[in-house]
Amino acid sequence: MSRGSISLAALLWLVIAFLVLYPLSILIIESFKIAATGGWGIGNYLEFFQDAYYLKTFLNTLYLSTLVLVTTTVFGIPLAYILARYRHLGKTIFTALILLPIVLPAFAGVFAFIIFFGKYGTVNLLLMDIGLTEQPINFIYGLHGLVFIQALHMLPFIVLGLSAGFTNIDPSFEEAAEVEGASGFRRFFTITLPLCTPSYLAGAVLVFLWPFTDWLTPLILGQVDFLPSVSYINISYHFTDVHRKYMGIVAVVVSSVVCISLFLLARWWVEKKKYTGLSKGTTSEGRVIEPSAWVKSGAYVYMIFIAILVLLIPIVLGLAAFSRRWVFEPFPTYWTLENFRLILLESPGLIKNSFLYSGIALVFGIAFGLPVAYLIVRTRVPGRDALDFVITLMLAFPGIAIGVSYLLAFWKGIPLAQYWIIMPIALFARRLPYFLRMAHSSYLQLDPSLEEASEVSGAGKVRTFFNISLPLLLKGVLVGVVMFFIMAFQEISTAVFLYKGGWETLPIGIYLNWHRGMEFGIAAAMAFLMIVITFILLLIISRIGGGVLKAAWGAGEN
Amino acid sequence: MAFIEIQSLFKRFKDVVAINRIEFEVNQGEMLTLLGPSGCGKTTTLRCIAGLEKPDEGDIVIDGKPMLSQGFVPPSKRGIGMVFQNYAVWPHMKVFNNIVYGLKLQKVPRQSIREKAQKVLELVGLEGLEDRYPAQLSGGQQQRVALARALVTNPKVLLLDEPLSNLDAKLREELRFEIKSLVRRMGITSVYVTHDQAEAMVISDRIAVMDSGNVVQIGTPENIYEKPANKFVADFIGTTNFIPGEIIRVAADTHTAVMRTEFNEELHCHTSDLTATVSGAKVNASIRPEDVEVFSQPPENPENLLKGTIAHKAYLGNFLYFFVNVDGTMIRVQVSHQLPQEEGEEIYLLLNPQKCMILF
Ligand SMILES: Nc1ncnc2c1ncn2[C@@H]1O[C@H](COP(=O)(O)OP(=O)(O)O)[C@@H](O)[C@H]1O
Ligand SMILES: [Mg+2]
């Protein structure tokens with residue numbers, strides 16, 4: 001192995017140490033600080049698990065995670081089955097719509113559904129107008145609303161994993177069951193579904209972790225007794241009460257430990273149960289069937305139902321964005337471009353910041369991700385598996401953990417957080433694993449002999465990389481690049497801890513306008529703007545990557 | 001008495017006709033092999049019998065019951081066992097659970113399930129492996145699991161789709177005999193699919209040779225080898241020489257004909273198709289390498305005697321193999337005795353008139 005790859009590995013480890021290991025260790029250290037005495041100890045943790053409130057928060061979060069997972073699973077299984085197995089019209093468009101929430105900002109859904117399903121939202125006003133109900137129905141505020149919104153947001157991960165499973169398992173496994181006498185549901189539950197568990201689990205674990213990450217949705221719905229919301233409130237609102245801050249940090253650490261453990265557990269299980277090696281000779285189309293007319297109509301109704309729920313998000317936000325004073329009316333009556341004028345004239349900085357930070361994060365991502373992918377796939381440098389492992393692990397870290405740890409680590413000592421560069425750095429660190437996986441898999445598909453041929457012809461490793469590897473990798477990498485940009489563009493859970501006056505991005509602007517100022521017209525316009533930008537980026541991806549399905553790749557799949 | 005009847009079965013995939021109105025019968029307790037080159041429609045036929053594929057036309061009758069014409073009978077209701085080409089042993093279930101899956105569905109009492117499973121495990125030689133997962137088994141063992149799973153429910157019909165094609169050559173030969181004796185002992189009516197003619201010869205009671213969606217000949221292995229119905233069968237089953245020429249005389253009563261070869265020699269041949277064998281017809285005479293005798297000097301009676309030059313000579317242990325050039329036509333010859341002639345020297349070939357066949 002060359003000296004070059006060793007120095008490269010050393011350099012990359014240095015970056016990881018600085019951007020991941022150092023902040024996280026500070027986070028853990030801080031969690032052991034005792035506010036009352038100024039000393040150290042496990043007191044905070046003891047308090048956390050003895051205090052009725054924190055314990056309740058912890059259990060609540062587990063409960064919520066379970067509910068969200070069950071909901072996404074129950075709704076996701078038929079959806080994935082329909083998409084993977086039934087021959088139907090509009091497959092591409094339905095797939096795209098159902099996967100849309102992956103690329104929509106999580107908070108966009110919350111705002112849209114509050115406007116639509118809220119106490120005096122469209123649905124309630126319509127129901128009361130036609131006299132079906134006297135009092136508004138509480139569709140959304142409360143645990144049920146929380147489950148609904150989080151489940152809709154995470155549904156694509158389940159659908160992506162399962163439909164890949166349904167498509168890829170060898171048809172003869174099911175045919176053998178059919179011949180043995182198992183028909184219909186029996187076969188599905190004893191053969192098909194169990195064989196898909198590895199691909200299901202990959203998505204399921206991300207779904208389960210979401211309530212440990214998402215502090216914003218509970219907060220907006222007035223449900224604060226969940227770990228991430230408590231952490232956020234304790235750390236952001238009670239900066240002066242040092243003890244509460246430490247308890248918030250403990251909550252972040254506990255969330256992270258839960259997330260990491262579950263993530264590793266799922267990974268270990270999937271590794272153990274890999275069935276793919278056993279199937280031979282699968283047709284690429286899998287087992288596409290022509291359902292009976294009744295089943296088909298049912299499938300359409302179901303897909304349209306889910307698609308409408310998803311589409312409500314951009315539609316409702318669009319209505320809100322182009323109107324003002326939309327209150328106590330089912331639909332807006334006063335149309336205006338005022339919201340957009342305000343954004344563009346009074347806070348163009350938000351848009352600029354969003355593009356600037358995501359752009360810089362992206363440059364970091366490419367500069368770091370490609371060499372890492374190269375090291376992992378093409379060299380035998382010691383510790384490359386560990387490198388891969390650490391970065392993959394970051395997939396499971398709640399965004400809030402990265403935000404808080406950066407705040408703690410880069411304030412004094414290394415005062416990076418006093419400069420705006422901390423924003424792109426945090427975005428980069430948070431979304432790195434996604435980009436890496438993409439680069440990684442395109443590298444795996446690149447035949448090494450193409451590179452070797454170039455080296456034999458006398459080109460050095462660096463030259464070979466730029467002349468041969470990069471052009472061939474470009475397609476895969478470009479999709480990764482755009483996806484990375486979209487995710488960085490929407491990032492809020494990390495950024496909200498780090499921004500200072502003048503550093504606000506669009507997501508932060510949305511949050512501030514909505515939550516603090518109740519300027520929901522402006523917030524909606526910003527969210528709408530983000531959706532439009534995301535859409536344009538997605539179109540670019542599907543041009544490069546061939547198909548929205550590939551573009552909206554789930555983080556869970558292998 | 002026919003146990004399975006295939007009645008003018010027709011199946012097309014978009015514009016590819018996979019099977020073209022084929023007809024055949026399988027007798028009770030018989031092992032029939034569908035033999036043919038890749039893509040000739042064997043798997044499609046088998047899957048139609050299983051009910052995994054719906055034919056466009058025709059019917060399948062199993063044990064007197066129509067599977068199609070009186071409403072489609074699904075695979076789960078046909079009482080069949082099937083061994084798939086890739087085994088399709090469920091990777092998420094232990095060997096035992098794989099095997100008893102069908103029994104559980106039939107609501108067989110638990111005690112009886114244990115006994116049956118034990119018996120079939122012994123039968124296929126998998127005792128002691130019931131708690132393994134398929135990933136912990138070799139290819140041959142997975143194959144046995146698949147076989148056990150198909151047999152344990154005691155099906156009326158056993159279908160096997162190239163069950164040995166994924167195994168290495170040695171194991172393949174062993175398992176041929178095992179499967180044959182096992183199935184024969186249990187007396188199950190079975191349809192076996194393969195593209196390997198040697199396998200088909202060993203394993204079958206009768207063979208149905210298929211060519212591009214048609215069944216071209218059905219018969220016992222001997223019958224098909226000795227009396228191939230056409231050029232395709234003669235070529236596909238074993239090795240043969242084709243000598244092109246033109247019919248000059250036909251003796252209908254003895255089913256013989258005389259042909260003039262392109263190198264202007266007369267050959268006396270057997271013919272079964274008297275309507276096509278007419279004077280002037282362009283035909284091929286087929287003779288297998290082992291039906292040619294070889295002489296250093298021309299023998300007394302000169303009928304069907306050809307003179308040629310040895311192009312290649314190969315020593316294959318128990319016999320010699322020659323490529324003999326007869327005026328530009330290459331004839332393969334197999335003899336079991338030594339011969340002093342070397343490559344480039346002249347030699348005389350005697351083509352046995354009983355074994356020399358006119359084929360189309
Ligand atoms: N599911 C299918 N879709 C389209 N064509 C098929 C399908 N299955 C088989 N065929 C075609 O039908 C013909 C017969 O196939 P098959 O029965 O698998 O042949 P064999 O088993 O003899 O190799 C082939 O030309 C094959 O390409
Ligand atoms: Mg086949």
Side-chain angles (χ1 to χ4, degrees), chain A residues 85 87 161-162 165-166 168-202 204 266 268-292 295 558, chain B residues 13 43 46-47 49-54 73-93 97-108 133-137 139 142 145-153 155-163 165-166:
Chain A
R85 291 289 175 83
R87 185 169 289 129
L162 273 178
F166 289 147
N168 293 337
I169 61 172
D170 193 315
S172 65
F173 286 136
E174 287 164 283
E175 288 172 354
E178 217 171 329
V179 169
E180 288 292 304
S183 49
F185 281 104
R186 184 88 188 220
R187 183 172 69 243
F188 180 76
F189 284 108
T190 54
I191 306 292
T192 316
L193 206 52
L195 284 176
C196 290
T197 35
S199 43
Y200 164 75
L201 260 193
W268 168 79
W269 204 85
V270 168
E271 281 299 314
K272 205 180 69 155
K273 293 269 159 174
K274 253 195 195 143
Y275 303 134
T276 43
L278 282 165
S279 78
K280 302 165 194 108
T282 319
T283 54
S284 62
E285 211 190 12
R287 237 191 146 201
V288 177
I289 47 179
E290 184 77 50
S292 69
V295 174
N558 309 305
Chain B
F13 295 104
T43 297
L46 199 71
R47 289 169 61 85
I49 301 176
L52 294 170
E53 212 80 70
K54 276 187 194 172
V73 180
S76 47
K77 300 275 183 296
R78 291 192 180 193
I80 49 177
M82 185 160 176
V83 178
F84 289 79
Q85 184 165 9
N86 58 354
Y87 322 141
V89 173
W90 301 304
H92 63 298
M93 294 182 185
N97 290 326
N98 256 286
I99 291 175
V100 302
Y101 186 82
L103 292 176
K104 280 186 181 163
L105 288 169
Q106 293 177 358
K107 306 242 177 337
V108 175
Y133 278 101
Q136 301 164 312
L137 299 179
Q142 290 186 33
V145 176
L147 194 60
R149 181 177 68 188
L151 290 174
V152 76
T153 49
K156 286 192 287 189
V157 174
L158 179 65
L159 307 174
L160 307 104
D161 189 358
E162 312 222 7
S165 64
N166 282 327

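So that the names make sense, note that chain A is the first sequence line, chain B the second, and so on, each numbered from 1.
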query = When rounded to the nearest 0.5 angstrom, what is the spacing between CD in A:E174 and CG in B:L52?
reply = 11.0 Å

Close side-chain approach of A:V179 to B:R78, heavy-atom, < 4.5 Å = no

inquiry  = To check you understand the geometry: which heavy-atom pair defines the closest contact between B:P91 and A:L195, and what is its length?
reply    = CG-CD2, 3.4 Å

inquiry  = Would you say CZ of A:F185 has more than 12 non-hydrogen atoms from neighbouring residues, nucleotides or ligands within 6.0 angstrom?
reply    = no

request  = Against chain A, label B:R47 side chain, backbone, both or neither, depending on which of its atoms sit under 4.5 Å from a heavy atom there.
outcome  = side chain

inquiry  = Looking at B:H92 and A:C196, would you say the former's side chain and the latter's main chain have a donor-acceptor pair under 3.5 Å?
reply    = no

inquiry  = Quick check: do B:M82 and A:E175 have side-chain heavy atoms less than 4.5 Å from each other?
reply    = no

Shortest non-hydrogen contact from B:V89 toward A:F173 = O-CE2, 3.2 Å

request  = Find the distance between CG (A:D170) and CH2 (B:W90) and round it off to the nearest 0.5 Å.
outcome  = 13.0 Å

ask   = In Å and rounded to the nearest 0.5 Å, what is the CD to OG1 distance from A:E180 to B:T153?
value = 5.5 Å

inquiry  = With rounding to the nearest 0.5 angstrom, report the OG to CD distance, A:S172 to B:Q85.
reply    = 9.5 Å

